[in-house]
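Please read the structure below before turning to the comments.
Residue numbering restarts at 1 for every chain, and letters A, B, ... go by the order of the sequence lines.
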2 protein chains.
Amino acid sequence: MDRIDRKLLNLLQRDASRTNAALADEVGLSASSCLRRVRRLRQSGVIDRIAAILNPAKTGRTLKAVVTVELRLHGEPNTRQFLDLAAREEAVAQAYAVTGEVDAVLILRLRDMEEYDALCNRLFQERMNVARYWTMMVIRTGKDDTMVPL
Amino acid sequence: MDRIDRKLLNLLQRDASRTNAALADEVGLSASSCLRRVRRLRQSGVIDRIAAILNPAKTGRTLKAVVTVELRLHGEPNTRQFLDLAAREEAVAQAYAVTGEVDAVLILRLRDMEEYDALCNRLFQERMNVARYWTMMVIRTGKDDTMVPL
DNA sequence: ATGTTTATGCAATTTTATTGCACTCTAGGA
DNA sequence: TCCTAGAGTGCAATAAAATTGCATAAACAT
């Protein structure tokens, strides 16, 4: 994992659709050498996958929200159960068990308030293991990055 | 934007590295027709970009944290300024201005606690516009998805 | 119905990825 | 210092994939 690998990863995180020849050019390698490095990065798992990143606004999911959740019963099995339930929800983009005042944090990508309402009814209803929850609707996005800095 | 487009987007969000021929096969189109659809989805901006998704654990960024921030001075220009400062930080993956008890939420991808400490000193020091902040370290990840459901 | 726009499949063509091979560079050991 | 093993490299040939033109078919509005 040298300087060239890092350069390749940075370029590919931004745009993985360029041709291998162009990529090779940018890092100053031959096409074959470049290809072998990228293949190695994929096989070693540093590159998890190549994916299309959609524009959420153009797909009708314009609302974003951060929800903190306090559970009624704490501890491993209960937290895991809640996290699994949340993960199954389409609108839940991220679900974390965390330290601090609350037990879990969810990041939601919503179509509209109706979807939010339905989700709350499913995840936070009386008979669920949720004591309280706080919703923070996203007003403005300063950054939303899939890139891991190297 | 019909059923086939949605199918294409779902497939490409999972794996954009497959060949166009394979993709065409999966949705039951000819290669040329499939290619033209994907190109259209890219040009219309529904597909923002094709990117390599890295495994954060394999790149040394193993710590994740959610930080809620209460600003001293509220309102548009102050919030924007803080968000811009946060966005410039490498370790900040997401930065949002939100409704609710706090003003902003940050998602951090950290190398170690030292990096966390340094970041806090830069973003939350006395002379910054931050009244208080609460850090929630991520214990377990139930979901962390780049996909937008269709 | 009918003209018009839009999408489709096929086949030819162009572009790109992939491989074998000989060479180079580097680190470690005698 | 010299030698050698291993990994990495570039070139050129080959295989695979993307892209295009064109004729046809489907969808749409009048």
message: Between A:Lys143 and B:Glu89 (salt bridge meaning N to carboxylate O under 4.0 Å), is one present in this structure?
response: no
B:Leu73 to B:Asn78 - nearest heavy-atom pair and separation: O-CB, 3.2 Å
message: Looking at B:Lys58 and A:Asp48, would you say the former's side chain and the latter's main chain have a donor-acceptor pair under 3.5 Å?
response: no
query: Quick check: does any side chain N or O of A:Gln125 sit under 3.5 Å from a backbone N or O of A:Arg122, one acting as donor and the other as acceptor?
result: yes
- prompt: What is the distance from CE of B:Met1 to P of D:dA27, rounded to the nearest Å?
  reply: 20 Å
- prompt: How many Å lie between CG on A:Leu23 and P on D:dT9, as a whole number?
  reply: 13 Å
message: Tell me whether B:Glu70 at atom CD has more than 12 heavy atoms from other residues, nucleotides or ligands lying less than 6.0 Å away.
response: yes
field: Spacing of A:Leu41 atom CG and B:Asn55 atom CG [to the nearest 0.5 Å]
entry: 12.0 Å
- prompt: How long is the gap from CZ on A:Arg37 to CD1 on A:Ile4, to the nearest 0.5 Å?
  reply: 4.5 Å
Side-chain ion pair, B:Asp145 and A:Arg109, N-O less than 4.0 Å: no
Between protein and nucleotides 26-28 of chain C, what N or O pairs are separated by less than 3.5 Å?
none

message: Does B:Arg132 form a salt bridge (charged side-chain N to carboxylate O under 4.0 Å, His left out) with B:Glu101? I'd like the steps, not just the answer.
response: CA-CA 11 Å; B:Arg132 283 196 66 185; B:Glu101 307 248 323; over 6 Å; no
B/S/- contact track for nucleotides 4-23 of chain C, protein heavy atom under 4.0 Å: ----BBB-----SSBBB---
message: Near DNA chain D, counting only heavy atoms under 4.0 Å, which residues of residues 42-55 of chain A show up?
response: none
query: CD1 of A:Ile107 to OH of B:Tyr96: how many Å apart, nearest 0.5 Å?
result: 6.0 Å
